Structures are given as structure tokens and as C-alpha cells.
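Since the model is a prediction, treat every value here as computed from it, not as a measurement.
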Amino acid sequence: MNLSDLARNAHMLTGSLARRGYMRWWHSFSGIQPETGEQRTFFVEFFCINPGLGCDQPILGQHPYFKKRGLRPSYVMIKAGVYPNAQGKGGKQLHAFYPVSSLKTTQSPLTMQVEDCLYSESRLSGYIDVSWQEARHRSLMTNAGSMEWDLEVSKMVSCHTGLLAGRFFQALNALDSYWHGEGIRSFFKGTVTLDGTVYQVSPDTSYGYADKHWGRSFNRPWVQLASCRLTSERTGKELRSSVLAVSGCCPRFLFIPLRHKLMIQLTYTGEDYEFGIPRPFLLSRCKWETKETNKRYIWHITARNRNAVIKISGNCVKEQMMPLLYENPDGIKPRNPLLSGGCGTGTVQIFRRTPGGRELLDTLHMENMLCAYRGQRSAD
């Protein structure tokens with residue numbers, strides 16, 4: 001449902017999740033280098049892990065000193081970077097770590113600031129500079145380089161996951177990770193400076209996305225797709241206010257893992273189509289598969305509710321993806337990391353269900369699709 005919920009986006013970890021849990025506010029968007037016309041997809045993330053264990057210094061779970069003493073990680077991490085380009089080159093992620101005590105927040109609407117890095121519902125700004133000497137430390141999980149960003153943000157379409165991210169499900173620890181898409185269709189405006197090169201970010205070509213995940217562990221498998229650069233085959237026009245967002249979840253019952261599920265929202269010319277998100281009187285089901293070839297990952301998804309059916313086919317070239325590095329709340333770095341890219345493509349077919357079968361409404365062509373995938377072959 002396209003419903004903004006600033007309180008949910010501002011929710012901080014409480015109870016047991018404060019001592020064994022994480023939060024991540026993610027933003028991705030495109031910028032253009034004025035002299036060359038090169039387009040790149042950037043990302044900025046605020047990540048907080050085990051805030052209830054915080055002290056006056058960041059506790060890095062991969063650092064030998066803390067690992068030897070069995071300490072779980074606790075810090076605020078600012079992650080910023082750029083995805084590989086169309087040729088599969090130039091991707092990097094930069095990390096800056098701060099103690100939890102350095103994070104200053106206000107609620108409703110949420111504002112977070114840690115030193116020079118600011119997050120609010122309408123503004124992102126900050127700076128990271130990682131030297132080659134710092135990047136050599138494996139515990140920092142970072143590349144070398146610098147990135148500065150100063151951006152206005154306008155979040156136009158939201159995905160509200162209802163009961164699945166509500167207090168009742170959280171009290172039951174019913175999911176490994178919860179999701180709220182406050183800005184699945186967002187417009188960014190400003191500048192990004194990457195290693196001295198300036199990129200202009202304009203609302204109409206930013207193809208922005210913003211969401212939040214939180215919980216006690218990362219989804220396994222982790223599947224996430226999103227695109228707001230959708231072109232209608234029926235009209236031949238790019239749809240300014242339409243967006244597709246897909247996110248997986250791993251439900252549990254009495255701590256027993258159940259079958260992995262997908263939550264899907266397609267907002268098409270002002271109408272919302274939802275699948276896998278529990279609503280009164282709206283039953284839905286999804287079937288999907290992930291295929292891996294030598295060159296790419298491919299996703300096929302069919303979802304239906306009582307009113308509509310959609311068929312999603314998306315793919316991303318492996319060279320255009322990069323591993324996003326994290327450690328989980330227990331201080332374990334997954335053996336197979338989350339692979340992510342911003343150059344995915346695909347199609348979405350939209351059908352209206354009728355008494356005699358179904359009617360094709362439109363076929364949408366996706367570009368600049370955010371793709372994130374992590375399989376099950378991990379012992380984290």
C-alpha cells in the first residue's frame with residue numbers, strides 16, 4: 001500500500017534486538033557527469049548494529065582485538081559508494097565507523113547525524129575519506145577513496161508492509177528481517193563528488209529509491225529488486241510516478257524457519273498492486289525462481305491476488321554487481337556476501353483478472369533496476 005509511515009521509518013531497536021539486532025536506512029540514485037555524460041548509480045546508507053552494547057568507541061566484530069575477547073559488534077557505519085558501470089568497472093564502497101554514542105537523533109520525522117553525515121526525510125549530506133592504509137585493514141571491509149554528497153530528497157511513493165512489520169510480529173520475532181519502503185519512488189537533487197569527480201543528480205534522472213531493513217539477522221536467501229524507470233509498451237512513454245519494489249522475507253513460527261516469501265508492490269499510473277503483504281480480504285500468492293548463468297542472475301516471478309496477475313522477468317549482469325560487505329549482529333561476516341547492482345533490466349506484465357480468464361493491461365520495460373541477491377550457501 002502506498003502509505004507513508006514516518007513513525008515506522010523512525011523506529012529504533014528495542015528489547016532484545018537492541019543487543020542483538022541491526023538497522024539500515026538505504027538510499028540509491030543515479031547521477032550524471034556533466035562533461036562526459038556518464039551516468040553512475042550511487043548509494044548512501046546509515047547502518048547501526050547492536051546499539052544496546054555501545055560504548056565510547058566502535059566495536060568492530062572483525063577486528064582481532066574484539067574477536068579474541070568474544071565481543072559482538074556495536075557501531076554506527078556510514079556506507080557510501082558507487083555501483084560498477086555498464087562495463088563492470090569502477091564499483092566501490094567506503095565505510096566510516098563511529099561509536100553509537102556519537103549518533104544524535106530526533107523522532108517524527110527522523111533525523112540522524114553523526115559528525116559530518118546527516119540523514120533526514122528530506123536531506124542527505126556527508127563526506128567519507130578512506131586512505132589506502134585504512135583500506136588494508138580487513139576489519140573495516142572497505143575500499144579506498146572519497147565521496148561527498150549533498151542531496152535534497154523527495155519521497156513520493158511508499159510501500160507499507162502492514163502487519164508484517166508491526167509490533168505484534170516484532171514481539172514474536174516472527175521475521176529475521178523487517179522491511180519498510182518509505183521512498184521506493186524518490187526524487188534526488190544535488191551533487192555527488194567521487195574521488196574528485198563531480199556528478200549532478202537531477203530529479204527526473206535520479207531514479208531514486210529509499211527503504212529500511214531491521215531485525216536480528218539478514219535474510220537468507222536475500223532477494224530484492226526495484227525499478228522506477230518504467231516505460232509503458234502501451235503508450236511508449238516513461239512513467240514518472242510508477243515503481244516496482246520486491247523484497248524477500250524469512251518468516252518463523254516458534255523459531256522454526258518457514259518457506260521464504262516475497263513482498264511486492266507495483267504502483268502503476270496511480271493504482272497499487274500488492275502481493276505477499278497481508279491485508280484484510282486480499283489473498284495473494286507468489287511463485288518465483290532465481291537462475292544463475294555464467295554471466296548473469298535471472299529472476300522470474302509470478303504473483304496473483306483476487307484482482308490482478310503480474311509476471312516479472314529481471315536480470316543483472318554479474319560484472320555489474322558488487323559484494324556489499326557487512327557483519328551480522330553476532331559478528332560473523334557471511335561467506336557469500338550480498339551481491340548488488342544498479343544496472344538491472346527486465347519486464348513486468350500486468351493482467352487484470354476477469355471471469356473468463358485475464359486481460360493484459362500493459363507491459364512495462366524496466367531499466368536502472370536495483371538488484372540485490374544473496375543465496376543460501378552460507379554459515380552465518
Quick test of your reading of the model: are [X] and [Y] salt-bridged, counting only N-O distances below 4.0 Å?
X      : Y      : value
Lys189 : Glu152 : no
Glu238 : Arg229 : yes
Asp330 : Arg20  : yes
Glu327 : Lys333 : no
Lys318 : Glu292 : yes
Lys155 : Glu121 : yes

Listed by chain and number, what are the ring-ring contact (aromatic ring centres under 6.0 Å, His included) partners of Phe66, not counting sequence neighbours?
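Only His63 meet the ring-ring contact (aromatic ring centres under 6.0 Å, His included) criterion with Phe66.
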
Phe42 and ring-ring contact (aromatic ring centres under 6.0 Å, His included): which single residue from Tyr199, Trp26, Tyr207, Trp149 fits?
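Checked Tyr199, Trp26, Tyr207, Trp149 against Phe42; only one passes ring-ring contact (aromatic ring centres under 6.0 Å, His included): Tyr199.
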
Can you name the residues that form a side chain to side chain contact (heavy atoms under 4.5 Å, CB included) with Ser131, not counting sequence neighbours?
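Side chain to side chain contact (heavy atoms under 4.5 Å, CB included) check on Ser131 returns Gln133, Glu134.
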
Is there a donor in the side chain of [X] and an acceptor in the side chain of [Y], or the other way round, less than 3.5 Å apart?
X      : Y      : result
Asp56  : Ser101 : no
Asn315 : Arg296 : yes
Tyr22  : Ser177 : yes

Would you please indicate yes or no on a ring centroid separation below 6.0 angstrom for [Y] and [X]?
X      : Y      : value
Phe43  : Tyr83  : yes
Trp288 : His260 : yes
Trp222 : His213 : yes

Return yes when atom CZ of Arg358 has more than 12 non-hydrogen atoms of other residues, nucleotides or ligands closer than 6.0 Å, and no otherwise.
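Yes, enclosed.
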
Test side chain to side chain donor-acceptor pair (under 3.5 Å) on Asp211 and Gln224; report intermediate values, then the result.
CA-CA 11 Å; Asp211 73 359; Gln224 191 169 7; 2.7 Å; yes

Residue list, side chain to side chain donor-acceptor pair (under 3.5 Å) with His137, at least two apart or on another chain
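Result, side chain to side chain donor-acceptor pair (under 3.5 Å) vs His137: none returned.
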
CG of Asn328 to CZ of Arg216: how many Å apart, nearest 0.5 Å?
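Here the rounded value is 12.0 Å.
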
